[in-house]
Amino acid sequence: MADEVKLHGVTGSPYVCRAVIALNLKEIKYEFVAEDLSNKSADLLKYNPVYKKVPVLVHNGNPISESLVIVEYIDEVWKGVPILPQDAYEKAQARFWAKFMDDKCFPAVFKAVSSHGEEQAVGEAHEAFQFLENELKVKGSKYFGGDNINLVDISATFVAFWVGAAEEALGIELLPKDKFPKLTEWSDNYVNCQAVKDSLPPRENIVAFFKKRFGKA
Amino acid sequence: MVGSEVILLDFWPSMFGMRVRIALAEKGIEYDYKEQDLPDKSTLLLEMNPVHKKIPVLIHKGKPINESCIIVQYIDETWKDKSPLMPSDPYTRAQARFWADYVDKKVYDALKKSGTLKGEQQEKAKKEFIEILKVLEGQIGEKPYFMGESFGYADIALVTFYCWFYTFETLGNYSIEKECPKLIAWAKRCMQRESVSKTLPDSKKIYEFFMEMRSKLGHDHIQKVEDFSPFRGRGVFLKHGRLVRIRY
């Protein structure tokens, strides 16, 4: 019997995008169930009663929530292109950086964006970016995952794509190339990976979203 | 003496450090425990965790692993021959990760607020904390442990908070057992495991530690200066609007 795979999400969410990239990397056939977050489906509320959020992956009727949990699940169930390293130590490092994205980087970027580039908020975002810049410098590779993208690159999708869109929408600078040359180069390479290109929403939609949500009247 | 293969940088009352100690005990791993002086962080700690400068840090053959839940998974994946901590099938494993993540996102902040805020704010915080515990209690249900018959990763993530309950029940003047009897029954079941009972400090000892720390600040309101990036994680607190350093 064929696998039934559904992904509940919205196209503009960087968290949903992580799951989409993982599914596309593994070439998994799935149905995208577009949710209206102001009017959540009964299924979404049933599948994720704890957070009532997207993304939710439903595999043969079994739901999995939280984007990083979903990506690890996809990697464990479907063989093919590996998303996490095999070695236990390298795996721990990958999980560490993925958690860093959610615990430190994302909140700092969000503050910087919602404050329209207020100095202290941007300073904190730069602190987070500096750790990523250093990590790329130390690794000396094209991606956080080495020659190929891995969990860390996928978890940093919002840095590669959403940050640039926010900069354009609000006329602010968050990720200056001269200060973060490695991270900027990584962003350009990352968004041009086939699996990533196939998964990203249209840029103008994200720019429009930022203008609407955070733009000055 | 040759350096230990496994070293743990930790702080005895930390519920996050306790998670790692339980995992190491479950696997029967010998290790060198190094108690850390948190306001005065050692060069070793700063070198091994330059990003967060926090405990616990596991150092295995000279290489550091940070973040308690990540360390527990690393221990499980490296010492595979005994006491598996993760479920064997991917779906149940994903559920275990989800619930450990829920504990990380929700329990610490809610617990702290329930004991340190005052008046109406504290009542609201207590209510929120109990709601979170009820969600966890609901997930355990009639099962002996989070994921079924076997003690594991998700249990480890939550049970280390159990020794802190007495402190916040006393400060907040409420009984967690009264609100969530099945959760306390689960905690007591976990405490029957040597790895847990030998790791968790006595609840009264935790209470004494917390009250001593609070009295050193000389003020009922403890506000950790999380937002001041130069001081993050360096044992600096706000007292009457001024920055002070304390030693635990």
Side-chain angles (χ1 to χ4, degrees), chain A residues 47-51 53 56-79 84-105 107-108 111 120-121 123-128 130-132 134-135 138 151, chain B residues 20 48-54 57-80 86-106 108 131-132 134-136 138-139 153-154 226-230 232-233:
Chain A
Y47 289 139
N48 191 357
V50 176
Y51 297 116
K53 283 183 176 179
V56 178
L57 186 80
V58 186
H59 183 202
N60 295 330
N62 297 316
I64 303 110
S65 305
E66 291 300 295
S67 60
L68 295 181
V69 176
I70 292 171
V71 172
E72 281 215 38
Y73 175 79
I74 289 169
D75 194 45
E76 286 180 6
V77 172
W78 285 275
K79 301 306 160 199
L84 269 86
Q86 284 283 70
D87 171 71
Y89 182 75
E90 294 305 322
K91 211 183 269 200
Q93 297 314 299
R95 286 176 177 145
F96 174 85
W97 287 110
K99 191 169 198 289
F100 176 83
M101 300 298 170
D102 280 354
D103 287 353
K104 298 284 177 193
C105 206
K111 250 198 226 169
Q120 193 188 329
E124 285 188 25
H126 282 191
E127 260 185 53
Q130 192 59 52
F131 283 116
L132 302 181
N134 294 346
E135 183 63 12
V138 162
L151 175 74
Chain B
V20 179
M48 294 286 132
N49 191 354
V51 178
H52 300 301
K53 305 176 175 57
K54 282 181 175 177
V57 181
L58 190 78
I59 308 172
H60 184 209
K61 296 181 183 174
K63 297 201 287 194
I65 303 103
N66 299 306
E67 297 293 316
S68 58
C69 280
I70 293 175
I71 298 172
V72 171
Q73 289 187 80
Y74 173 81
I75 289 169
D76 193 47
E77 287 159 14
T78 306
W79 286 274
K80 288 193 271 256
M86 294 296 276
S88 52
D89 80 284
Y91 184 71
T92 320
R93 250 200 315 277
Q95 298 314 302
R97 288 188 179 123
F98 174 87
W99 286 107
D101 178 69
Y102 179 85
V103 173
D104 266 355
K105 282 183 161 81
K106 299 278 191 184
Y108 181 79
E131 267 166 36
I132 289 165
K134 282 199 196 285
V135 169
L136 292 162
Q139 171 55 29
Y153 179 67
E226 296 281 357
D227 295 335
F228 286 73
S229 54
R232 215 180 282 139

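Convention: sequence-line order gives letters A, B, ...; per-chain numbering from 1.
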Residue part contacting chain A, namely of [X], when any heavy atom lies under 4.5 Å:
X	result
B:Pro50	backbone
B:Gln139	neither
B:Asp89	neither
B:Lys106	side chain

Short N-O contact, A:Glu72 and A:Arg95, less than 4.0 angstrom: yes
Taking NZ, NE, NH1 and NH2 as the nitrogens, is one of them in B:Lys63 or A:Glu90 under 4.0 Å from a carboxylate oxygen of the other? no
Name the one of B:Val51, B:Ile65, B:Ile71 that satisfies side chain to side chain contact (heavy atoms under 4.5 Å, CB included) with A:Phe96?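 Single side chain to side chain contact (heavy atoms under 4.5 Å, CB included) partner of A:Phe96 among B:Val51, B:Ile65, B:Ile71: B:Val51.
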Bottom line for A:Pro49: the part with an atom under 4.5 Å from chain B's heavy atoms is neither
Parallel, tilted or perpendicular: which one describes the rings of B:Phe98 and B:Tyr102, with boundaries at 30° and 60°? parallel
Check ring pair (Phe, Tyr, Trp, His ring centres under 6.0 Å) between A:Tyr89 and all other residues, then give those that pass, not counting sequence neighbours. none
